[in-house]
Amino acid sequence: MSFVPGGAAIMKLIQGAEVYAPEPLGRMDVLVAGGVIACLQPGIPCAGLPDLEVVDARGKLLVPGFIDGHVHILGGGGEGGYASRTPEILLSDLTTAGVTTVVGCLGTDGTTRALAGLLAKARGLEAEGVTVFIYTGSYQVPVRTVTGSVVDDLILIDKVIGVGEIALSDHRSSQPTFEEVARIAAEARVGGMLSGKAGVVNVHMGAGERMLGLIERVLSETEIPAKHFIPTHINRNQALLRAGIGYANQDAGRGRHLDLTSSLITDDPALSCAAALATLLRAGVSIDSISFSSDGQGSLPLFDAGGEYSGLGVGKVSTLFLEVQRAVRAHGVPFQEAVKVITSTPAAYLGLPAKGRIRVGADADLVLLDRDLEIDAVLAMGRFMVKDHELKCLGTFEQDLMDGLDAKRPFGFAASGRRV
Ligand code: ZN
């Protein structure tokens, strides 16, 4: 009998779920074998198949595993000094959020959080069971890379699929010139072409008044196609969201893309990912041009009621699907449309044909949802990470971390780690 790590059967038959591929396919059976979707049809006969785990999914929805295109998996530089450096992500932070593919990035701090560590973290998470890529670089320009060149990083390092997050229109940006931004995009394009990768530039948009201006100039003054730019944090403020609508609707939207951030803390409910998605759709932006990412583990400045800085929070990957739920429940976005922003659309802009869709031959990254859209089960590469609302796989040291918290309880700490 054959086993994958965790002792689960290699083959799984998920029976009778309503499949959203993300387009609705109706009730189907899905056969998972060797980490891929081997068969997809109504009623798969399974008599005689050895080592098969059958899952009754009637009454549930099956969607592709979620893709989060912007996560500080290594932790971020705290913007309130050394003690505020944010922690590394844990495997279960991703899997309990339904995320089976993640792109790790560096942000403000490209010094104490460096690419060698990011690459090692990516490889570690992948060994634990999810799919991980990284962007080379950080906020900084000139871009710090592993090999000394964006092109070489893309060609020589399997995990590198783009460059970012390059900060523009932000007080923390390196204030790159037009020529510098154009050169980064050119290197991403050529490196991507030569390595068969997307070669995207993930751009951190700040609150500055120049907004998307530098990207617009590169698109109008060079031959670089729009598909290489993924401007993110577009829901940071109303002005940037409006500028995003103008940007995305130019040139018949060809290749133009907007990424919304689900961890942004704002008092304006109209700027939540869910509300901003509804606004963009009403303004005529194509659903296929919009994605969500969480900015998980990034540092989030917190402000008190008087608007004064009061400390830092940490971005949460769990907000990614929460905002999709909210778009459906509170903003009337149809489910099969809303789920694209964390499945097929990021798979397309990241150039990952085996991800973000339920189809034969695709990786068996799947999320099973209850009728009320709560996560019931998560499979990553054919392996149950979550099943029946229970965590089935922990990262290497997660049990030790939990035991450590238990040990501290006599000293007045609750399971959350907070003093009670
Ligand atoms: Zn950012």
Side-chain angles (χ1 to χ4, degrees), residues 18 20-24 60-71 93-102 205 230-238 240-242 244-245 248 257-298 300 302-303 313-347 356 366-378 386 389:
E18 290 280 338
Y20 289 83
E23 65 278 8
K60 293 175 182 166
L61 314 180
L62 189 69
V63 296
F66 307 149
I67 300 170
D68 194 337
H70 185 119
V71 180
D93 294 329
L94 293 164
T95 56
T96 56
V99 173
T100 53
T101 300
V102 63
M205 298 307 311
I230 308 297
T232 188
H233 315 323
I234 292 294
N235 52 326
R236 181 185 293 284
N237 59 41
Q238 288 289 356
L240 185 58
L241 189 62
R242 280 195 299 276
I245 291 169
H257 192 92
L258 299 175
D259 191 60
L260 307 175
T261 300
S262 60
S263 281
L264 278 181
I265 293 177
T266 167
D267 288 335
D268 183 352
L271 290 173
S272 73
C273 251
L277 171 63
T279 300
L280 292 175
L281 294 176
R282 277 197 303 275
V285 179
S286 163
I287 184 72
D288 297 316
S289 303
I290 307 165
S291 56
F292 288 1
S293 61
S294 71
D295 208 3
Q297 305 304 114
L300 298 173
L302 301 173
F303 300 94
V314 181
K316 300 267 191 310
V317 170
S318 56
T319 57
L320 189 77
F321 185 56
L322 287 178
E323 288 296 324
V324 170
Q325 290 172 325
R326 193 131 70 114
V328 175
R329 292 169 180 161
H331 298 277
V333 181
F335 174 71
Q336 65 264 33
E337 298 290 292
V339 80
K340 287 182 179 177
V341 303
I342 56 171
T343 58
S344 56
T345 301
L366 299 163
V367 175
L368 202 53
L369 302 170
D370 294 340
R371 278 274 161 218
D372 56 2
L373 302 186
E374 296 300 330
I375 293 175
D376 173 279
V378 179
V386 173
H389 300 270

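When a residue number appears, it is its place in the shown sequence, counting from 1. Everything numeric in this text was worked out from a predicted model, so none of it was measured.
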- Query: Is the backbone of Lys316 close enough, under 3.5 Å, to the side chain of Ser263 for a donor and an acceptor to pair up by distance?
  - Reply: yes

- Message: Can you tell me how far apart CD (Glu323) and CG (Leu260) are? Round to the nearest 0.5 Å.
- Response: 9.5 Å

- Counting distance only, does the side-chain N/O of Thr343 pair as donor-acceptor with the main-chain N or O of Val339 below 3.5 Å? yes

- Measure the shortest side-chain to side-chain distance between Val99 and Val71 over non-hydrogen atoms and say whether it is less than 4.5 angstrom. no

- Query: Nearest 0.5 Å, what's the CD1-OG distance between Ile67 and Ser293?
  - Reply: 12.0 Å

- Atom of Ala347, atom of Gly356 and distance for their closest heavy-atom approach: CB-CA, 4.0 Å

- Item | Closest non-hydrogen atom pair, Ala338 against Val328 | CB-CG2, 3.7 Å

- Query: Can you find a heavy atom in the side chain of Leu373 that is under 4.5 Å from one in the side chain of Leu61?
  - Reply: yes

- Report yes if the side chains of Leu277 and Ile287 come closer than 4.5 Å at any heavy-atom pair, otherwise no. yes

- Query: Shortest non-hydrogen contact from Ala274 to Ala327?
  - Reply: CB-N, 3.4 Å

- Note on the structure: From the list Val317, Thr101, Leu320, Val378, side-chain contact (heavy atoms from CB on, under 4.5 Å) with Leu94 holds only for Val317

- Message: Are Asn235 and Cys273 packed together at the side-chain level, in the sense that at least one heavy-atom pair is separated by less than 4.5 angstrom?
- Response: yes

- Query: Just wondering, do Glu18 and Arg371 contact through their side chains at under 4.5 Å, heavy atoms?
  - Reply: yes

- Query: Asp68 versus Ile342: any side-chain heavy-atom pair under 4.5 Å?
  - Reply: no

- Measure the shortest side-chain to side-chain distance between Leu369 and Glu374 over non-hydrogen atoms and say whether it is less than 4.5 angstrom. no

- Task: Kindly determine whether Thr261 and His70 satisfy side chain to side chain donor-acceptor pair (under 3.5 Å), including the steps that lead there.
- Result: CA-CA 9 Å; Thr261 300; His70 185 119; over 6 Å; no

- Quick one: which of Thr345, Thr232, Asp259 gives a side chain to side chain donor-acceptor pair (under 3.5 Å) with Ser291? Asp259

- Query: Is the closest side-chain heavy-atom distance between Arg236 and Leu271 below 4.5 Å?
  - Reply: no

- Task: Provide the closest heavy-atom pair for Gln297 versus Val314 in the form atom of the first, atom of the second, distance.
- Result: CA-CG1, 3.6 Å

- Message: If you compare all heavy atoms of Ile375 against all heavy atoms of Thr96, which two are closest, and at what distance to 0.1 Å?
- Response: CD1-O, 3.8 Å

- Message: Return the OG1 to CD1 distance between Thr279 and Ile290, rounded to the nearest 0.5 Å.
- Response: 10.0 Å

